[in-house]
Amino acid sequence: MNETVRTGHVSQPLTVSVDGMTCASCVRRVEMAAAKVEGVADSSVNFATKTLTVAPSDGFSAAALAERIRKIGYAVV
């Protein structure tokens with residue numbers, strides 16, 4: 001996860017596995033953290049599959065997303 005996407009259109013959604021989520025509060029924390037990353041147009045977590053899906057836009061950095069998720073205590077795998 002180290003590429004930066006710079007496009008004039010919406011890119012394909014990106015889905016990553018997030019380890020350490022145990023409850024609905026965890027889901028909300030991950031979604032809120034992802035939404036604050038530059039270039040994330042939308043974010044949603046599927047608790048059943050332990051995945052985060054983001055809609056990247058201009059300036060998106062997968063590395064910045066992974067770092068933000070790690071900073072709040074979860075692992076991007």
Side-chain angles (χ1 to χ4, degrees):
M1 293 189 93
N2 61 5
E3 81 180 57
T4 299
V5 178
R6 298 183 203 289
T7 63
H9 63 282
V10 175
S11 299
Q12 293 293 322
L14 171 69
T15 300
V16 296
S17 295
V18 179
D19 194 30
M21 294 186 294
T22 59
C23 64
S25 292
C26 295
V27 168
R28 183 76 177 139
R29 285 185 72 202
V30 170
E31 285 177 341
M32 297 279 290
K36 292 178 182 177
V37 175
E38 181 182 352
V40 172
D42 189 35
S43 65
S44 65
V45 170
N46 182 321
F47 182 66
T49 61
K50 308 284 194 223
T51 57
L52 165 66
T53 300
V54 298
S57 63
D58 290 344
F60 174 75
S61 167
L65 175 64
E67 180 62 23
R68 177 68 59 104
I69 300 307
R70 287 184 192 107
K71 276 188 171 183
I72 62 167
Y74 302 95
V76 176
V77 291

* Asked: Of all heavy-atom pairs between Gly20 and Cys26, which one has the smallest distance, and what is that distance?
  -> O-SG, 4.4 Å
* Looking at Pro56 and Pro13, what are the two nearest heavy atoms and their distance? -> CD-CA, 4.1 Å
* Would you sort out whether Asp19 and Tyr74 count as a side-chain contact (heavy atoms from CB on, under 4.5 Å), showing the intermediate values? => CA-CA 6 Å; Asp19 194 30; Tyr74 302 95; over 6 Å; no
Taking the side chain as every heavy atom from C-beta outward, state whether [X] and [Y] have any atom pair closer than 4.5 Å.
X	Y	value
Val54	Phe60	yes
Thr53	Asp42	no
Glu31	Ser43	yes
Met21	Val45	yes
Leu52	Ile69	yes

* **Value rounded to 0.5 Å, distance of CZ in Arg68 from OG in Ser61** => 11.5 Å
* To do: Starting at NZ of Lys36, measure out to CD1 of Ile72 and round the result to the nearest 0.5 Å.
  => 9.0 Å
* Asked: Should Val27 and Met32 be regarded as members of a common hydrophobic cluster, given that ILVMFWY residues are connected when their side-chain heavy atoms come within less than 4.5 Å of each other, either directly or indirectly?
  -> no
* Same cluster (ILVMFWY, side-chain, under 4.5 Å), Phe47 and Val16 -> yes
* Around Glu67, counting heavy atoms of other residues, nucleotides and ligands shown, do more than 12 lie under 6.0 Å from its CD? -> yes
* Just do the side-chain contact (heavy atoms from CB on, under 4.5 Å) check on Lys50 and Val18 with the steps written out, would you? => CA-CA 6 Å; Lys50 308 284 194 223; Val18 179; 5.7 Å; no
